[in-house]
Each structure stands twice: as C-alpha cells, then as structure tokens.
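Accompanying notes for the structure given below.
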Amino acid sequence: MEQTVSIGTILWTTVGVFLTFCLFSFLYKDNPFYKFAEHLVVGVSVGYWAILLYYNGINPNLFSHLFVFANDPTTGAEFNTWTPRLKGIHYIIPALLGIAMWTRFSRKYSWISRYPLALYLGISSGIAIPVTMKNNVLSQLRGTVVGLGFDWSVSGFLGVPQGIWDVVVVVGTISSLIYFFFSKEHKGAWGGTAKLGIYTLMIGFGATFGYTVMARISLLIYRIQYIRDWWKMIF
Amino acid sequence: MKYIILLFLTCLTLCLSQAILAQTASLDPPAEAALVPSEPPAPPSNVRVSDLPNDDGHGIQVKWNLSPDDGAGAKSVISYDIYRADTPDAPDSLWKKVGTAVLGIKSYADKGERDAGSRDYLPKHTNLYYRVYAVGAGVRSAAAAAGPVQATDDWFNDMKVPELVFCVVFLILTVRFINMAKKGADLYVRPLAGIEAIDEAIGRATEMGKPILYVLGIGTAGDIATIASFTVLGRVARKVAEYQTSMIVPCIDPVVMTIAQETVKTGYADAGRPDAYKEDSVYYVTSQQFPYVAAVNGTILREKPATNIYLGYFAAESLLLAETGVLAGSIQIAGTDQVSQLPFFVVACDYTLLGEELYAASAYLGREPLLLGTLKAQDYLKAIVLVCMIALLALRVITGADVIRKPFDMPWW
Amino acid sequence: MTLHDRLLALDRRWVFGVLALFVIIPLTPMFSNFSVPVTPVKEVREIYDFIEGLKPGDYILLSLDYDPGSLAELHPVAYAMLEQCFAKRLKVITLTLSQTGAQMVEEAVKDVADSCKLYHGFTPERGIDYVYLGYKPYPGLIILGMGMNFRIPFPQDYYGTTLDSIPMMRGIKNYDNVKAVINLSAGNVSDYWVADGNARYGVKLALAMTGVMAADYYPYYQSRQIFGIIGGMKGAAEYESLCKNPGTATEAMKVQVFAHVVIIIFIIIGNLAYFLGRRQTAPTQESR
Amino acid sequence: MKRQIPLVLVFVFGVLLAIQYFVPSEASQRGYEFVLDWITIIGIFAMVLGIWSQIHVGYNKIKHRSEDWQYSVVTLVSMFAMMFFGLSFFGGLHGTIFRLIYNNVFIPIQATIFSLLAFYIASASYRAFRARSAVSTVLLVAALLLMLRVIPTGPLADPINKIGNWMLLVPNLAAKRAILIGVGLGGVATALKIVLGIERSYLGKD
C-alpha cells in the first residue's frame with residue numbers, strides 16, 4: 001500500500017529519530033551529540049513549562065479571579081479583558097505573596113521572600129499531617145485486617161490454606177515494622193524478628209525488581225519500533 | 001435522564017418488535033425472552049430525608065424501605081431513581097433526577113455542588129422534597145414525596161475520629177519526649193549505616209577534591225519527602241562547609257530551588273563560613289522529569305562527584321541516576337518514601353535509607369535533643385500500631401471473620 | 001588478569017551491547033519466522049480449554065472493557081479469543097464498558113470476523129454468529145441489568161438494531177443463556193464483574209488484564225470466583241500460542257524472552273566470576 | 001520581623017490546615033481551596049526565579065568561556081525559542097510550531113531517556129545481583145524467579161509462576177505495608193517538626 005507522507009513529516013520525524021540516537025549514544029560514553037540533545041531538551045522543556053504555566057496556571061488560578069474574561073466572538077476562545085473583577089479581590093493576597101518571591105532579586109529585601117516560603121511549607125505540612133496519618137497509617141492498619149480474606153477453606157500456594165498465608169502477611173508486616181524501630185538495638189529475639197523483617201523486605205524488593213524488568217524492556221521495544229517505522233517511512 | 005430515555009426507547013422498540021413478531025408468528029417461535037412491559041414493581045415505602053452529615057451543607061441523605069418486588073420475580077426492581085423538587089406538589093417537569101441506586105440499596109446521598117451556577121447545585125437552608133421511584137423493566141412507580149428537608153453545615157466530621165485520635169496521641173508523645181530531651185534525658189537510638197555513611201562520604205569528597213551532588217528528588221516543595229530532604233540538606237551543607245568542600249544541588253522546581261538555597265546558605269552560616277556559599281551551586285534545571293534526569297546524568301559524568309546523595313521523592317529516574325553514578329565511581333546514598341523505587345536504589349546504591357529512615361536522617365545527623373524526641377515519639381506510635389495489629393489479628397483468628405469485621409466496616413475507616 | 005577478574009570488571013557497555021543486539025535482532029524481518037516456545041500457565045490454559053470444550057452454537061459473552069491505552073497488552077487476547085470462538089462456531093456477544101473503547105472494539109470484532117474467511121473458510125455474520133452491543137456508562141448498573149435481561153441496558157445493538165430482531169439474540173435473555181463471561185479490562189470494571197456479575201448472579205467469569213493489575217486479582221482465582229486469568233503481554237502470548245495463532249503479543253514476547261535470558265545469563269556469569277574470585281581472595285567487604 | 005513572623009505564619013497556617021481536615025463546613029472548604037490556590041500561585045511566580053537561575057548559570061558559563069559553554073547557548077536559545085513560539089500570536093499552546101517542537105523534540109527525547117532504563121536495569125542486575133550474603137542472595141533469588149516467569153521453562157513454568165505470584169502477594173505485600181506505615185509516621189513527624197518550628201533552616205540565618 002502506497003502511503004504519501006509530506007516532506008515536513010519526514011523531516012520532523014527524522015529530527016526525532018536523530019535525537020533518539022543522540023541519547024542512546026550516552027550508553028557508550030558522554031559525547032557532543034548527547035550534550036547537544038541534553039541541553040536542547042532542557043531548554044525546550046523550560047520554555048514549554050513556562051508557557052504551560054502561563055496559559056494553564058496563572059490564567060485560571062489567578063487572572064480569572066482578578067480580571068473579567070470574555071469570549072472571543074469569532075473563535076469562542078476566552079481572553080483576558082484586564083478589567084478588574086471586584087468579586088475576586090481577595091486573590092490580591094496570593095498575588096502579593098507571589099510577587100514577594102521576586103524580592104530575592106534584591107539583596108536587601110530578599111528576606112521578604114521568606115514569608116511566602118514559610119506559608120508554602122506551613123500549608124503543605126499542615127495539610128499533610130492528618131492526611132498522611134489516614135492514608136499511610138490507618139488505611140494500612142485497616143488493610144491488614146479487612147483487606148485479607150482469612151479464608152481457611154481455600155487452598156493457596158503449596159496447598160496451604162489461604163488463611164495461613166494471610167497470617168504470614170501480617171507477621172511479615174509486623175517483623176518489617178520491628179526492623180524500623182530506632183530505639184532498640186537489633187539483638188536477641190528482637191534482632192531475630194528484625195532479621196525476619198529484612199528478609200521480608202528483600203523478597204519484596206527482589207520481586208518488584210524482577211517484575212519491573214518486563215515493563216522496562218517494553219519501553220525499549222517501543223523505541224526500536226519507532227525507529228523501524230521511521231525507516232519504513234523513508235525507504 | 002439518559003437512562004430514562006433509554007428505558008422509554010426500550011418500551012417503544014419492544015412494542016414495535018412485538019407487533020412485527022406477531023405478524024410473523026407462524027414463522028418464528030414466540031420470543032419468550034423478549035422484554036414484556038409488565039406491571040410496575042411496587043414502590044419503595046417510608047422514604048425518609050435528612051441533612052447529610054459531615055458535609056459542607058450542600059447534601060441530603062435519602063433513605064427508603066425496599067420495594068416488596070426488590071430482587072426477584074417477573075416485575076423485579078432494577079434500580080431506584082431519586083428525584084428532587086422545591087415543592088411537594090410540583091409538576092413532573094420540575095422534579096430533577098439526582099441519582100440512581102441499584103436494587104437492594106436502601107439509601108442515597110444527594111451530594112450537591114456549592115456554586116449556584118453549576119448544574120448539580122443544591123441550595124443550603126432551603127426546603128427540598130424528594131421522591132423515590134422503583135424502576136422495573138421499562139416501568140416504574142413512585143413513593144410519596146418526602147420532605148421538607150434543609151441542608152446544613154457541620155463543624156466536625158465524626159468519620160474522622162480515628163485520625164484525630166492518632167494525631168493527638170502522636171502530638172502528646174512528641175511534646176512529652178521533647179520535654180524529656182530538653183531536661184537532658186539520654187535518648188538512645190541505634191546506629192544506622194546509611195546515615196553514618198553521609199559523614200564519611202563528605203570526608204571522602206574532601207580528600208578527593210571533588211564536589212558532592214545532592215538531588216532533592218522530583219517532588220514539589222510541598223511533598224513531605226522533599227521537606228525531609230531539606231532538613232538533611234541543611235546538615236549536609238553545614239558539614240560540607242566545615243570540610244571546605246563544594247556541593248552541587250540541581251533542582252526540579254523553582255520553589256524547591258529557593259528553599260534549598262536558603263537552607264544551604266544557613267548551613268554555611270552555621271559552619272561559620274557564609275562567604276564560601278556560591279549562589280550558582282543550587283540551581284534550577286527544568287520542571288520535567290526526564291529532561292531533568294538527562295541534565296543531572298550529564299552533570300554526574302562530567303563533574304564526577306565523589307558522593308551522590310539522592311533523598312526525596314523519586315519515580316522512574318531512581319535507577320537512571322543511580323546507575324550513572326556507579327559509572328562515575330561515586331559513593332551513593334539514597335533514600336525515598338516511594339516503595340516501588342526502593343528496590344532500584346537498594347540494588348544500585350551503596351547505602352539506602354528505607355522509607356522511614358529518610359525521615360529519621362535529620363535527627364540522626366543533627367543529634368539535637370528536640371529531633372531525637374520526635375524520633376522517640378515515632379517509635380512509640382509505631383509500637384501502638386503494632387499492638388493494634390497483633391490484637392486485631394488475634395481477634396480475627398480466634399473469633400472468626402464477622403466479629404472483627406464489623407467495627408472496620410464502620411464509615412470511620 | 002584472570003578470567004574472573006576480567007568478568008568482574010566487565011565494562012557495562014558489553015551488557016548494553018549484548019542486550020541491544022538481542023532486542024533488535026528478533027525484531028528484524030529475518031527473524032519473523034523464528035519463534036520461541038511459550039508454555040502457557042494453568043490459569044491461561046483453563047480459559048482456553050473451557051472455550052474449546054464448548055459445543056458449536058453455545059453462547060459466550062466477551063466484555064472488552066479496555067481503552068486504546070492498553071491496546072498493546074489486551075488486543076492480542078481479544079483477537080485470539082474472538083477467532084477461537086468463531087472457529088468453534090460459538091455465538092459471541094460482545095460489548096464494551098469502556099468509554100473510549102467503543103470504536104476500537106467495533107473495529108477489532110469486524111477485523112477478526114473478516115479475517116476468518118482467510119483462515120477458516122467462512123465469514124461469521126453479524127447478527128447470526130456475533131453481535132456487538134456497544135458502550136453504555138455505569139458498568140455496575142449495566143452488569144446488574146444484564147443479569148435480569150440484556151435488553152434492559154442494551155435495547156439495541158451498536159448499530160441500532162433492536163435485540164429481538166437480531167436472529168441470534170432471540171430467546172437469549174440473560175446470563176443464564178451464556179456459558180461464560182470473559183472480561184478483558186484495564187480498569188476497575190473487573191471489580192464490578194466479580195462483585196455484581198459473579199457474586200450476585202453466579203456468572204462463570206474469567207479475566208484478562210494488564211500485567212500491572214493481574215497480581216491483584218489472583219486471590220479471586222484462588223478462591224475460584226474466576227476460572228482463569230490472563231495477565232499482560234505474557235498471558236496474551238500464551239493465549240496466542242494455545243490458539244496456534246501467533247500475533248503481536250508473540251512477537252513482543254519473543255523480544256522479552258531474549259532480553260530476560262540475556263539478563264539472567266549475565267547474572268549467572270557475574271555470580272560465577274564472583275565465586276571463582278572469592279575462592280582465591282579473601283571475601284570482599286559487604287555492602288548493601 | 002525576618003525570622004519570627006515567618007515562624008508564626010508556619011505555625012498558624014499549619015495548625016489551621018491540620019484542623020481544617022476535620023471541619024467539613026462550607027467556610028472551611030472554601031478557605032481550604034483558596035489557600036491551595038496560594039501554593040499554586042506562589043509556585044507560578046517562582047518560575048521566574050527558575051528561569052532567571054537558568055539564564056544566570058548559562059550566562060556565566062558563556063561569559064567565562066568555561067568548558068562546554070557552547071551548549072549553554074543551545075539551552076538558552078531553545079528555551080527562548082519555545083517561549084517565543086508559545087506566544088498567543090502563534091496560537092499559544094496550540095500553535096503549529098510549538099506543537100511540532102513538542103511532538104518531535106520533547107516527546108521522543110523523553111521516551112528515549114525513559115527507555116534507557118531497559119539497559120540500566122540489565123547492567124544493575126549484572127553488577128549487583130551477587131550472592132554475597134544471605135540477604136543479597138534472597139534479593140537475587142526473588143528477582144531471578146520473577147524474571148524466569150517470562151521465559152518458557154516447560155514443565156517448570158507452572159511452579160515458577162506460582163512462586164512468583166506468592167512472592168508478589170505475600171512478602172511483597174507485607175514489605176509494602178510496613179514501609180508505608182513507617183513512611184506515614186515519619187512524614188507526620190517531619191510535618192510536625194516544620195509546623196512547630198523545630199526545623200527552621202529554610203528561614204536562613206539573621
């Protein structure tokens with residue numbers, strides 16, 4: 001089947017493939033091609049991020065509160081009329097906080113930037129306290145009891161009842177938690193349990209590692225197919 | 001609404017097909033499976049409405065008794081449709097469908113929106129009326145309208161009692177141990193290899209005359225793992241300044257960069273060498289994960305740092321960074337709260353701080369009594385969690401599933 | 001420098017090179033006829049055997065609930081299974097509960113039906129051998145509704161034909177009339193099938209899902225709530241091999257197998273070198 | 001003024017937001033959403049600092065002609081080019097050139113860096129999976145068994161598959177849970193240290 005591809009598409013795809021090779025060359029050693037691709041992508045990504053923040057960040061989060069937006073009659077696209085909107089006047093506060101960040105350009109007033117930073121950390125930490133307690137501690141505690149079936153009639157791995165394995169999960173969790181205690185030295189029975197904990201952790205880590213290999217190889221396959229498609233497009 | 005139209009269409013098409021089938025009855029056997037619009041199921045009874053608890057005042061709880069036809073029989077209920085209106089005797093067109101519950105369900109939480117402009121707006125402090133339909137195969141019947149009811153605010157979410165209890169206990173423990181530490185009580189903590197390695201690693205960098213690379217991960221300054229990394233960074237910067245070596249801190253987020261700059265500057269000042277701090281040593285790279293990795297990998301290979309420290313929130317870049325570090329011959333110390341990335345750090349780095357150890361690192365490095373106090377509080381709460389876990393397991397094993405499951409099925413959890 | 005010293009200090013570029021070679025070569029046209037043996041595991045074979053054990057004219061329901069994002073892992077299963085069903089002359093009811101999947105599934109079903117001409121000498125006809133019901137939102141409600149009657153959630157098929165005017169759907173009321181439901185999914189729809197389809201209506205259920213999800217659903221297999229499970233690319237390749245119908249999953253798995261073998265061999269070489277070296281020198285310092 | 005007020009702000013806002021979690025009322029919800037916007041907006045304004053940092057580092061390299069200074073030109077030029085083509089005059093986020101660069105430079109590079117992991121996972125396995133001690137042997141064996149699942153091993157396939165699933169569902173689950181609980185406690189402790197002002201190095205000295 002004959003496919004017509006525009007010269008522009010070929011050129012742009014070739015750029016992509018060229019950059020792909022530049023990056024793969026890093027596996028051999030650091031070289032000018034890699035350096036070029038690396039610095040290029042850093043520049044492009046900063047530029048992209050800045051533009052994205054302008055359209056999808058500052059417009060909806062700040063300007064839409066402070067100013068009146070209108071719809072372009074022909075395209076329907078929203079645009080800023082720069083007319084102040086009194087209802088959102090309280091958004092002056094974050095705007096001032098944001099501008100306070102810029103005092104870092106001055107040596108004399110840079111301490112003002114500590115106000116927004118302090119708020120940033122204070123707010124994030126305050127939010128995190130109950131949420132982390134719930135998601136990490138309580139939900140996991142709940143999971144050990146409710147998430148597992150404790151079904152004694154179903155035979156699981158090695159013909160052992162599934163319920164036994166569920167108990168093993170809890171025992172593994174407990175011994176791994178014991179490994180994390182800071183106040184007590186790993187000695188005697190305590191140390192033995194901690195040892196069991198570290199083995200549990202290591203089996204878990206090994207399993208995750210081995211399990212992930214396939215997903216990582218898939219990434220490479222996709223890349224090679226990308227190059228192969230380009231090859232087919234050109235020749 | 002879509003659903004009702006759908007059911008209506010079902011009726012219509014079935015009637016039509018019935019008619020067509022009747023004409024060709026001699027050819028085809030009667031379609032016994034066809035859906036015959038039968039009598040409607042009996043309506044649900046005793047519809048009760050109340051303010052939805054623990055919400056922002058824009059929700060109503062609707063409850064009803066199941067229709068006698070719920071579950072079985074030719075005219076079984078399939079679902080219940082819930083409608084809302086401002087007056088009990090409003091014409092059908094003014095009843096707004098707010099939700100659907102499948103058969104066997106006896107309640108529905110009508111969670112409305114706050115903003116008056118939105119489609120699902122549910123006004124606060126206004127009389128509302130509800131009607132519940134039992135929907136059968138294309139037919140339905142309604143219970144009498146229930147109401148009036150008003151939605152109101154709540155000032156405490158009693159579903160969150162467990163979190164509150166744990167947080168308060170933790171706070172009390174922390175304050176208690178901090179006070180103990182202030183009074184000079186000796187708080188023992190066992191040595192952690194990964195943290196002792198940080199000291200050695202800084203010394204090694206001094207001997208080699210090479211910098212230390214400190215990566216704060218790819219989280220924002222709001223992620224707790226990043227915040228924990230800041231606390232370690234301050235102490236590392238102080239040691240770096242004391243040893244008169246240099247450090248590189250590439251950042252993925254401008255706010256992270258700003259905080260890191262202040263932290264490093266403070267570390268240098270604490271060490272009494274504020275002039276040695278160079279502004280460009282803590283810099284912003286880019287906010288995107290993989291371009292960031294490309295740049296940091298390049299830096300690792302070109303600067304060949306003596307030590308790489310990766311602490312914070314990490315995703316797929318964990319192995320990309322750590323393997324490049326091995327190639328550069330750096331000593332590597334890593335720590336993250338991300339369970340899925342720990343295996344890669346464990347495999348590729350010399351020392352790994354597993355999960356909680358990352359948060360303990362600053363206390364270990366600083367050895368300040370206040371910090372050790374929080375560490376002790378952490379241990380005590382861990383012990384409480386452990387005891388809970390063992391107790392729950394024992395209860396579960398001894399008494400069987402149902403007894404223990406009950407309290408856990410409470411909305412609390 | 002002895003052999004094991006050299007191996008211990010092996011430049012990682014050798015690892016990279018060998019891996020690259022063994023990933024690229026199987027993808028070249030020269031190797032398109034070459035295949036690696038795939039040994040299907042029990043939970044995949046059980047699904048295959050079940051379908052093979054059905055009689056021509058039996059009904060089966062395929063719920064293809066994945067979106068284009070998971071196409072790579074689940075399309076191969078869908079293709080192989082549909083073809084197997086058509087070849088067995090089963091009556092296949094297909095539908096999707098994934099919003100973005102409606103068109104993709106339609107194309108897949110048509111595709112397989114058309115290709116049957118080539119391999120099996122007949123074309124399954126829409127309405128006689130298979131039916132595609134399309135997409136409807138609220139998976140939980142749909143699954144419950146179908147337990148009463150397919151016509152409740154799906155009065156018409158994807159093309160707007162009422163079910164009663166579709167020849168193969170006459171007299172087919174609900175799950176009681178189908179031998180099994182196979183759910184291919186990349187999201188939480190499987191939960192609904194297990195909880196609503198299996199637990200409430202006792203549907204005979206099997207799942208095919210992405211590799212990441214599969215591990216979480218094994219407990220259902222152990223408790224026999226589902227009679228089989230196909231996980232990820234590997235499961236897909238196994239299913240293809242059972243059907244003797246190698247497709248994209250088999251090709252990808254070929255590469256995966258090569259890559260895994262390379263990595264495992266390197267690990268073995270590394271350990272051999274380490275033990276040879278340790279016999280001669282004192283044990284090295286341990287590090288984690 | 002320079003240190004005390006920020007500490008008070010951290011404390012007051014930290015406590016307020018921790019309490020907010022338990023208060024479902026409308027005022028509390030609205031306050032929460034407003035304050036979340038602060039964080040976003042501070043982050044956006046800080047982007048200027050980030051770009052300035054890029055320019056500053058790049059400019060210094062070019063000015064001093066330090067090693068590889070040419071590449072800093074690449075970074076700065078591509079950064080400004082991207083911003084230029086992203087102006088609303090060119091169609092903003094949907095501008096043709098902007099999209100072309102994004103799709104053919106940014107995306108392929110991103111995907112390629114990600115795919116390097118395939119190589120790194122291989123080299124890491126080769127170097128690190130050695131049976132040096134009991135612990136590292138356990139790690140090695142677990143990883144090997146999971147990798148072996150992919151390989152056709154004939155009659156061994158079924159048992160290997162079963163062991164693999166067992167490892168994922170029993171020890172792996174236990175390990176994950178323990179780490180998550182530990183991380184939770186450590187996270188709460190760290191957040192508490194910030195709110196209570198025990199950790200304050202980010203506020204600078206003086």
Side-chain angles (χ1 to χ4, degrees), chain A residues 12 15-16 19-20 23 35 39-44 46-48 51 53 55 57-58 61-62 94 97-98 101 111 114 116 118 120-123 125-130 132-133 136-137 140 157 165 169 172-173 176-177 180 199-204 206-207 209-211 216-217 219-220 223, chain D residues 2 6 9-10 13-14 17-18 21 35 37-38 40-42 44-47 71 74-75 78-79 82-83 86 92-93 104-106 108-109 112 114-115 117-119 121 135 138-139 142-143 146-147 166-168 170-175 177-178 180-184 187-188 191 194-195 203:
Chain A
W12 277 107
V15 169
L19 290 170
T20 301
L23 286 163
K35 284 182 195 166
H39 285 84
L40 179 73
V41 76
V42 167
V44 167
V46 174
Y48 174 74
I51 293 295
L53 278 188
Y55 289 109
I58 202 132
N61 284 309
L62 182 63
L97 287 173
M101 287 296 281
W111 58 270
R114 288 175 193 168
Y120 197 106
L121 288 183
I123 292 168
S125 304
I127 293 173
I129 292 173
T132 316
M133 194 58 102
N136 284 34
V137 183
Q140 294 308 316
F157 181 59
W165 289 126
V169 171
T173 311
S176 308
L177 262 181
F180 283 119
Y199 280 113
T200 310
L201 290 173
M202 284 301 150
I203 298 178
F209 191 104
Y211 194 65
R216 300 301 183 235
I217 302 287
L219 296 172
L220 182 59
R223 278 290 85 188
Chain D
K2 288 182 181 176
L9 284 178
V10 168
F13 275 80
L17 279 146
Y21 177 80
V35 166
D37 269 348
W38 294 16
T40 321
I41 291 165
I42 292 172
I44 296 169
F45 276 82
M47 189 63 199
Y71 297 106
V74 176
T75 302
S78 55
M79 178 171 90
M82 201 63 181
M83 288 190 216
L93 284 176
N104 294 294
V105 174
F106 190 69
I109 293 187
T112 309
F114 200 7
S115 75
L117 269 176
F119 294 102
I121 211 166
V135 172
V138 166
L139 185 74
L146 261 291
M147 284 188 218
W166 174 82
M167 285 197 297
L168 287 174
V170 177
N172 187 38
L173 185 62
R177 278 226 169 101
L180 282 176
I181 292 176
V183 160
V188 174
I194 295 287
V195 172
L203 286 179

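Naming convention: chains lettered A, B, ... in sequence-line order (proteins, then strands); numbering from 1 in each chain. Everything numeric in this text was worked out from a predicted model, so none of it was measured. What you see below is based on every heavy atom in this structure, not just the backbone, and it leaves out hydrogens, waters and symmetry mates.
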I'd like to verify something: which residue of [options] has the highest number of heavy-atom pairs under 4.5 Å with chain A?
options                             : value
D:Val10, D:Leu17, D:Thr112, D:Val35 : D:Thr112
D:Val183, D:Leu168, D:Ile42         : D:Ile42
D:Tyr21, D:Tyr71, D:Trp38, D:Phe13  : D:Tyr71
D:Val195, D:Thr40, D:Val105         : D:Val105
D:Ile44, D:Leu117, D:Leu146         : D:Leu146

So which of [options] has the biggest tally of heavy-atom pairs under 4.5 Å with chain D?
options                     : value
A:Ile123, A:Val42, A:Leu40  : A:Ile123
A:Thr132, A:Val44, A:Leu53  : A:Val44
A:Val15, A:Leu177, A:Ile217 : A:Leu177

Where do [X] and [Y] come nearest, in terms of heavy atoms and distance?
X        : Y        : answer
D:Ala118 : A:Leu220 : CB-CB, 3.7 Å
D:Pro6   : A:Ala118 : O-CB, 3.6 Å
D:Met167 : A:Ala207 : CB-CB, 4.3 Å
A:Ile51  : D:Met82  : CG1-O, 4.1 Å
A:His39  : D:Ser78  : O-OG, 4.0 Å
A:Ser176 : D:Ala178 : CB-CB, 3.3 Å

Spatial distance of atom [atom1] ([X]) from atom [atom2] ([Y]) [nearest 0.5 Å]:
X        : Y        : atom1 : atom2 : answer
D:Leu173 : A:Thr173 : CG    : OG1   : 6.5 Å
D:Ile194 : A:Ile129 : CD1   : CD1   : 10.0 Å
A:Tyr199 : D:Leu139 : OH    : CG    : 11.5 Å
A:Ile58  : D:Ile41  : CD1   : CD1   : 7.0 Å

Is the side chain of A:Thr200 donor-acceptor paired with the backbone N or O of D:Ala175 at a distance under 3.5 Å, no angle test?
->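 No; judged by distance alone, with no hydrogens or angles, the pair does not exist.
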
Could you tell me whether the side chain of A:Arg223 and the main chain of D:Pro108 form a donor-acceptor pair under 3.5 Å?
->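 Checking the backbone N and O of D:Pro108 against the side chain of A:Arg223, a donor-acceptor pair under 3.5 Å is found.
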
Given that the side chain runs from C-beta out, which part of A:Tyr55 has a heavy atom under 4.5 Å from chain D: side chain, backbone, both or neither?
->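 It is the side chain, since no backbone atom gets that close.
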
Which atoms of A:Tyr48 come close to chain D, meaning under 4.5 Å heavy atom to heavy atom: side chain ones, backbone ones, both, or neither?
->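 Contact with chain D is through both the backbone and side chain of A:Tyr48.
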
Counterpart residues, side chain to side chain donor-acceptor pair (under 3.5 Å), relative to A:Asn136 (two or more places apart) |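 Applying side chain to side chain donor-acceptor pair (under 3.5 Å) to A:Asn136 gives none.
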
Report yes if the side chains of D:Phe119 and A:Arg216 come closer than 4.5 Å at any heavy-atom pair, otherwise no.
->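 No. Closest side-chain heavy atoms not under 4.5 Å.
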
Evaluate the side-chain proximity of A:Val169 to D:Arg177: yes if any heavy-atom separation is below 4.5 Å, no if none is.
->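 Yes - at least one pair of side-chain heavy atoms lies under 4.5 Å apart.
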
